[in-house]
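Comments concern the structure below.
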Amino acid sequence: GEDVEQSLFLSVREGDSSVINCTYTDSSSTYLYWYKQEPGAGLQLLTYIFSNMDMKQDQRLTVLLNKKDKHLSLRIADTQTGDSAIYFCAESRAGTALIFGKGTTLSVSS
Amino acid sequence: DTAVSQTPKYLVTQMGNDKSIKCEQNLGHDTMYWYKQDSKKFLKIMFSYNNKELIINETVPNRFSPKSPDKAHLNLHINSLELGDSAVYFCASSHPSGGPGEAGELFFGEGSRLTVL
């Protein structure tokens, strides 16, 4: 199948906003997800958005969904060094399990 | 009281050996999965079981055999290990999406790092 696309690296300074972008493939995906993976750990769900929503805000996290362009983004406000991790977007593709993008490594410098 | 637990966390073995990784979840979920994460951190679905029945089997060599003795357990057995099998293997579980408060999200274990020498 087609790939879920993400840029591989993002570098920001502490206190700045981070925006991680994702292009998914299945227009019938019911939910879209953002996961965070810290070094040596498993993936933790950060947030998800239902496909009939355009935006979801959860504290420092804002998810934007553009269904027409199949584009998903995650904005982290006031990025902290503890936010350094790999961020994966995922789509719920019909007939299979969640399909993940290749992950964006976020590096936060102080 | 870890939700999804895998053992062992690390496994180092020689080419040609057979090894198993075990997974247990105490979340009461119906569906369990195995994902493989390679050295570039790419995650790929391998298998999924729902109530002990295989429902997803991606293009995986038949040296890999999942076994689900009950819906809380999904084990992965690998025969004749090859260098390319070196990776981190993640177990996960989920409820189906659509129920109240259920978005079908996956809950992951901490991973089992397999190194084949």
Side-chain angles (χ1 to χ4, degrees), chain A residues 1-10 20 22 24-26 28-53 56 58 63 65 72 84-107, chain B residues 2-7 9-10 21 23 25 27 29-50 54-60 66 74 87-113:
Chain A
E2 296 170 60
D3 291 339
V4 175
E5 299 287 348
Q6 298 179 241
S7 52
L8 294 183
F9 299 100
L10 177 64
I20 302 171
C22 172
Y24 61 97
T25 65
D26 189 347
S28 65
S29 291
T30 308
Y31 292 93
L32 295 139
Y33 311 82
W34 284 104
Y35 279 81
K36 177 182 180 182
Q37 185 180 28
E38 296 184 355
L43 279 75
Q44 289 183 297
L45 180 70
L46 270 182
T47 187
Y48 63 85
I49 188 166
F50 190 46
S51 58
N52 69 354
M53 296 170 67
K56 180 179 180 181
D58 183 0
V63 178
L65 175 60
L72 183 72
S84 293
I86 304 176
Y87 291 81
F88 293 90
C89 68
E91 63 175 351
S92 54
R93 196 177 290 175
T96 186
L98 295 196
I99 302 300
F100 287 82
K102 289 181 169 57
T104 299
T105 298
L106 175 64
S107 173
Chain B
T2 307
V4 182
S5 58
Q6 300 178 225
T7 53
K9 193 171 169 68
Y10 299 98
I21 307 171
C23 179
Q25 54 97 3
L27 296 166
H29 288 163
D30 294 329
T31 310
M32 296 184 71
Y33 311 79
W34 279 109
Y35 278 81
K36 178 181 179 181
Q37 186 175 46
D38 64 20
S39 57
K40 293 182 181 174
K41 307 296 185 186
F42 301 163
L43 265 171
K44 288 214 157 190
I45 179 67
M46 298 174 70
F47 301 104
S48 176
Y49 271 71
N50 182 266
L54 180 67
I55 55 170
I56 296 170
N57 183 351
E58 293 295 322
T59 310
V60 177
L74 180 62
V88 181
Y89 292 85
F90 284 100
C91 178
S93 70
S94 71
H95 266 310
S97 64
E102 303 286 353
E105 68 267 33
L106 301 184
F107 293 77
F108 281 87
E110 291 292 297
S112 297
R113 180 176 293 276

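The chains referred to below are lettered A, B, ... by the order of the sequence lines, with proteins before strands, and numbering in each begins at 1.
Annotation: the span from A:F100 atom CZ to B:Q37 atom CD amounts to 10.0 Å, rounded to 0.5 Å. One finds the NZ atom of B:K41 at 10.0 Å from the CG atom of A:L43 (value rounded to the nearest 0.5 Å). To the nearest 0.5 Å, atoms NZ (A:K102) and NZ (B:K44) are separated by 7.0 Å. Note that the CD1 atom of A:I99 and the CD1 atom of B:I45 stand 7.0 Å from one another [nearest 0.5 Å]. A distance of 4.0 Å separates CG of B:L106 from OH of A:Y35, quoted to the nearest 0.5 Å.
For A:F50, the ring-ring contact (aromatic ring centres under 6.0 Å, His included) criterion is met by A:Y31, not counting sequence neighbours. Every residue two or more places apart in sequence or in another chain was checked for a side chain to side chain donor-acceptor pair (under 3.5 Å) with A:Y87, and none qualifies.
Residue-environment remark: CD (A:Q44) stays at or below the threshold of 12 foreign heavy atoms within 6.0 Å.
Contacts of A:Q37 with chain B are made by side-chain atoms alone, with heavy-atom separations under 4.5 Å and no backbone atom involved. If you measure heavy-atom distances from A:I86 to chain B, the contacts under 4.5 Å come from the side chain alone. Looking at A:L45, only its side chain comes within 4.5 Å of chain B, counting heavy atoms on both sides.
In terms of non-hydrogen atom pairs under 4.5 Å with chain B, the most contact-rich of A:A97, A:G101, A:S92 is A:A97.
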